[in-house]
Amino acid sequence: MASLGKPTIVWLRDDLRLADNPALTAGARIGAPLVVVYVLDEMSEGIRRLGGASKWWLHGSLDASGKALAKHGQRLVLRHGPAQDVLLKLADELGAGHVFWNRRYGGGERAVDAAIKAGLKDRGIAVESFQANLLCEPWTIRTKADQPFRVFTPFWNACRTQMPPREPLPAPDELPSPVDGVGSDSLADWKLLPTRPDWAGGLRDSWTPGEDGAQARFQAFRAEKLKDYAAHRDEPAADVSSRLSPHLRFGEISPFQLWHGVSPEGLGDGTKISQANVDKFLSEIGWREFSWHLLFHQPDLAMRNFQPRFDAFPWPAVNEAALVAWRKGRTGIPIVDAGMRELWKTGFMHNRVRMIVASFLIKNLMVDWRIGEAWFWDTLVDADAANNPASWQWVAGSGADAAPYFRVFNPVLQGEKFDAAGDYVRRFVPELADVPAKQIHAAWKAGGVPGYPGPIVDLGATRERALRAFQQMREDDVDSSSGFDDD
DNA sequence: CGCCGATTCAC
DNA sequence: TGAATCGGC
């Protein structure tokens, strides 16, 4: 029997798709027996452990990946532990000839991948990584002053000079056969599903993890929503957002597929979708790219203020009761409660509402943005290591290209402006089902509603308090930088 | 990817 | 009067 050659390993990470997967395509081309592996790494330093909602999604996505590979006569091997130990052990166990993966961009992840690449090369194993999950890899663009970008618009303009990106790859027609006898964990043993069955039920009703689910969402978005995207994307009741964020997070669909999918060729003739809609959608993809650019250059973005002057901000002791009310959606501010309940029920929140609830927590409750970021990390199915902290810092004013500190959202006005009919609030706050639209965003002013709390804070007074605190921080910063603070 | 109060200007 | 505009926060 002729030797089929040393086995090839394709290591799947945040790229749980068969189409437009350069590592998988490269692995298939070698023609040697193929092992496709996913490693649950909850131990390596600098890699953030998944939140609860992300674990739920990962379970579904891995399940879907395994089934998709099975259709190609392949399988998904599951291993757990520090990725470096696991990968090198697997390579040794198989006597692997090649190892392929698609690149990651977080600090801890890059360190792990570099160490593994070195270890494999020491063994004489060929190893190659690919660009698959970002249109513009962070090291490829700099400002004219040779600095990383700190402002979105020039970043995105620079990124767009690299467009169009490469064409997405088709899924491999066929995959080489697997290697017999390779041990795999059981997905159920990883216990990724939440122990609270009510939570899992809400997530299950809202989402279909996996590549097929991602493609279905994208097709529906292009066919039904994209034409109204620019005009209505800020209205949480409008249902024109793509809801692709968790699919992108886990790499079930790639930005290359999205870019080409909304190009004139991708949309096909006769769709009559304006360029303004397409540009708006792509700019949201651009914000994701920008967040990863920021995280690449500041790997501890989830912990450290992007603007150091915010390190001196005098966060008061956390009011636990208020924090619990925020998490549970019982603040008495309708648009805030609707958002927080949407989050708990579905693992998702409309982007406009994310800004409102974040502003309320940071400015009105004066809670450190990290605490809100951590809650989103745990409860969002799309919790993204770059987008989440970058967006929280944007709202806090501590981030790159951030909203100025004095921009305090008024949740009543925001509700009246973006949920004028009150439909979003009614959808998630049934206590307010019978309140007329004109009153629903400030229900307490009309005497309140039985069973629904009044506002836990006074919006005007807390706004003033926030402005004073930020002003104080700014003055302290000037004092300390001028060196007179010791006099 | 604001808010708010003051001012201006149309009616 | 009240909608639009402007500037400080």
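The analysis underlying the following values was restricted to heavy atoms, covering all of them including side chains, and did not include hydrogens, waters or symmetry mates. Letters go in sequence order (proteins before strands), and every chain restarts at 1.
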### Message
Could you walk me through whether A:Phe290 and A:Trp156 satisfy the ring-ring contact (aromatic ring centres under 6.0 Å, His included) test, starting with their C-alpha distance in whole Å, then the side-chain angles of each, then the deciding distance to 0.1 Å, before giving a yes or no?
### Response
CA-CA 7 Å; A:Phe290 183 54; A:Trp156 187 228; 10.0 Å; no

Rounding to a whole Å, what distance do you find between [X]:[atom1] and [N]:[atom2]?
X	N	atom1	atom2	answer
A:Met355	B:dC3	CE	C1'	15 Å
A:Asp401	B:dC1	CG	C1'	10 Å
A:Trp394	B:dG2	CH2	C1'	9 Å
A:Phe406	C:dC9	CZ	P	10 Å
A:Asn351	B:dC1	CG	P	12 Å
A:Glu464	B:dG2	CD	P	18 Å
A:Asp458	B:dC3	CG	P	16 Å
A:Arg474	C:dG8	CZ	P	13 Å

### Query
Is any side-chain N or O of A:Gln414 closer than 4.0 Å to OP1 or OP2 of B:dC1?
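For A:Gln414, the contact criterion (side-chain N or O under 4.0 Å from OP1 or OP2 of B:dC1) is not met.
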
### N or O in side chain of A:Arg352 less than 4.0 angstrom from B:dG2 OP1/OP2
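For A:Arg352, the contact criterion (side-chain N or O under 4.0 Å from OP1 or OP2 of B:dG2) is met.
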
### Query
Quick check, are the ring centers of A:Trp139 and A:Phe296 under 6.0 angstrom apart?
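Between A:Phe296 and A:Trp139, which both carry aromatic rings, the centre distance is below 6.0 Å.
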
### Query
What pairs of residues pass the salt bridge (Lys or Arg N to Asp or Glu O under 4.0 Å) test when at least one of them lies in residues 402-413 of chain A, not counting sequence neighbours?
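Those involving residues 402-413 of chain A do not exist here.
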
### Distance-only donor-acceptor check, side chains A:Tyr405 and A:Gln471, under 3.5 Å
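A:Gln471 and A:Tyr405 do have a side-chain donor-acceptor pair below 3.5 Å.
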
### Query
Have A:Arg222 and A:Gln219 got a donor and an acceptor in their side chains that come within less than 3.5 Å?
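Short answer, yes.
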
Donor-acceptor list for residues 434-450 of chain A side chains, cut-off 3.5 Å, not counting sequence neighbours:
unit_1, atom_1, unit_2, atom_2, d
A:His441, NE2, A:Gly415, O, 3.1
A:His441, NE2, A:Asp419, O, 2.8

Pairs under 3.5 angstrom, nitrogen or oxygen only, protein versus nucleotides 4-6 of chain B, please.
unit_1, atom_1, unit_2, atom_2, d
B:dC4, OP1, A:Asn410, ND2, 3.3

